[in-house]
Amino acid sequence: MATDTGDSTLETVPIASGTVTVCWRPSRQARRISMRIDPRSGHVIITLPRGARRTDGLALLRAHSAWVVAGLSRLPPVAELRHGGRVLLDGAALEIHHAPEARRGVWLEDGRLHVSGEQDFIARRVGAYLRAQAQHLLPARLGIQAGQAGLRPTQVRLRDTKSRWGSCSSDGTIMLCWRLVMAPREVQHYIIAHELAHLRHMNHGPDFWLLVDELTPHRRQAEKWLHTHGASLHRLVPA
């Protein structure tokens, strides 16, 4: 059964080991059929260029079904944002405590994240709280590091990106994924330093990495943490 989601269509497709959810994504720019796994939703994204048929996409899926199954099995479980569940902030695991009679929204107290209101809105309110924390904390921390480094981005934006933790454009705009606010401070420090270094070197050459290492002592530790835990940040809070 297929479900329309704007220009994309979701469909449950049988493969040898069971079923997967395929997101069919038409593209005028794509030159060939491509396939990837969305780490956030767990959907298999199949991009179809103009004129391509779904039967061709299905052939690609079934030819690489073992790769798809292996990739899906490596995804961390989706966190349950409910009473007694846990969510990360600055790398610390906070227990979610539902306080239905309270009138304070969401607040941090005694190492727990308290959420008022109806139970059905816990996930939405926790997500909104974390986004607000990201908007408050990440640009401020970038500003401090930029000042210490003598570097000046033109502006800072937060987005909910799937494949990049940050980017720096040629006009000096730095983008950070808001989900970084859930990572340890050392990881945030490294990603910010990485993007600040691009203000001076718009490449990943030796001079760039020398500058990154000057700007942060956390590079190796952060890279290891992101390799191990990065995917889980996309599964903790719904988009």
Side-chain angles (χ1 to χ4, degrees), residues 5-8 10 21 23-27 29-30 34-47 71-72 74-79 81 87-91 123-124 126-143 145-146 151 153-199 201-204 208 212 215-216 218-219 221-239:
T5 55
D7 292 335
S8 302
L10 295 179
T21 299
C23 177
W24 298 102
R25 184 165 294 172
S27 172
Q29 291 76 35
S34 63
M35 180 173 66
R36 65 180 178 85
I37 295 173
D38 183 349
R40 189 172 303 165
S41 66
H43 296 161
V44 180
I45 311 295
I46 299 182
T47 300
L72 291 173
R74 288 192 294 269
L75 290 179
V78 177
L81 300 183
V87 70
L88 295 177
L89 179 62
D90 283 344
R124 183 188 304 175
V126 169
Y129 173 83
L130 290 173
R131 289 181 180 88
Q133 290 297 303
Q135 190 65 55
H136 173 66
L137 295 173
L138 295 179
R141 290 169 180 172
L142 186 146
Q145 286 181 236
L151 297 168
T154 55
Q155 59 180 321
V156 180
R157 295 177 178 174
L158 299 187
R159 293 180 180 172
D160 193 6
T161 50
K162 296 180 181 180
S163 59
R164 290 185 177 185
W165 296 112
S167 65
C168 179
S169 64
S170 58
D171 68 357
T173 298
I174 288 180
M175 182 282 298
L176 297 174
C177 177
W178 75 261
R179 293 172 184 269
L180 276 174
V181 79
M182 294 186 277
R185 291 287 300 273
E186 294 82 2
V187 175
Q188 299 172 29
H189 196 276
Y190 161 66
I191 294 297
I192 289 172
H194 185 113
E195 302 314 328
L196 286 173
H198 277 311
L199 293 173
H201 304 287
M202 290 299 293
N203 56 58
H204 288 97
F208 167 81
V212 170
L215 297 179
T216 179
H218 307 297
R219 175 183 167 192
Q221 176 184 351
E223 289 176 338
K224 182 178 180 180
W225 193 94
L226 287 170
H227 177 76
T228 304
H229 303 289
S232 67
L233 300 187
H234 292 294
R235 307 279 281 178
L236 276 171
V237 177

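Only this structure's heavy atoms are used, side chains among them; waters, hydrogens and symmetry mates stay out. What you see is a predicted model, and the numbers here were worked out from it, not measured in a lab.
Between Leu158 and Pro139 the shortest heavy-atom distance is CD1-CD, 4.4 Å. When all heavy atoms of Leu75 and Gly42 are compared, the pair lying nearest together is CD1-CA, 3.9 Å. Heavy atoms only, all atoms of each residue included: Val212 and Tyr190 are closest at CG1-CE1, 4.0 Å. Minimum heavy-atom separation, Glu186 to Ala222: O-CB, 4.1 Å. In this structure, Leu180 and Val187 approach most closely via the heavy-atom pair CD2-CG1, 4.4 Å. Here the shortest heavy-atom pairing between Asp38 and Lys162 reads OD2-NZ, 3.1 Å.
In this structure, OG1 in Thr228 is found 11.5 Å from CD in Glu223, a value given to the nearest 0.5 Å. Atom CZ of Arg179 sits about 6.5 Å away from atom CZ of Arg131, to the nearest 0.5 Å. One distance of note links NE2 of His229 with CG of Leu88; it measures 9.0 Å at 0.5 Å rounding. Taking CG of Asp171 as the start and CG of Leu199 as the end, the distance is 10.0 Å to the nearest 0.5 Å. With rounding to the nearest 0.5 Å, the separation of CG in Leu89 from CG in Leu130 is 6.5 Å. Taking CG from Leu10 and OG from Ser41, the interatomic distance works out to 8.0 Å, rounded to the nearest 0.5 Å.
At least one side-chain heavy atom of Leu142 sits less than 4.5 Å from a side-chain heavy atom of Pro153. Side-chain contact check for Gln145 versus Leu215: every heavy-atom pair is 4.5 Å or farther apart.
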Exercise for the section: Evaluate the criterion side chain to side chain contact (heavy atoms under 4.5 Å, CB included) for residue pair Arg141 and Arg185; output intermediate values, then yes/no. Expected result: CA-CA 10 Å; Arg141 290 169 180 172; Arg185 291 287 300 273; 3.2 Å; yes

Exercise for the section: Show your reasoning for whether side chain to side chain contact (heavy atoms under 4.5 Å, CB included) applies to Gln135 and Trp178. Expected result: CA-CA 7 Å; Gln135 190 65 55; Trp178 75 261; over 6 Å; no

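Note: His204 and His194 meet the aromatic proximity criterion, with ring centroids under 6.0 Å apart. For Trp165 and His227, the ring centers are positioned 6.0 Å apart or more.
Side-chain atoms of Asp90 and Gln188 include a donor-acceptor pair closer than 3.5 Å.
Glu195 places no side-chain N or O within donor-acceptor distance of the main-chain N or O of Leu176, the cut-off being under 3.5 Å. Under the 3.5 Å distance criterion, the side-chain polar atoms of Thr161 are left unmatched by any main-chain donor or acceptor of Ser163.
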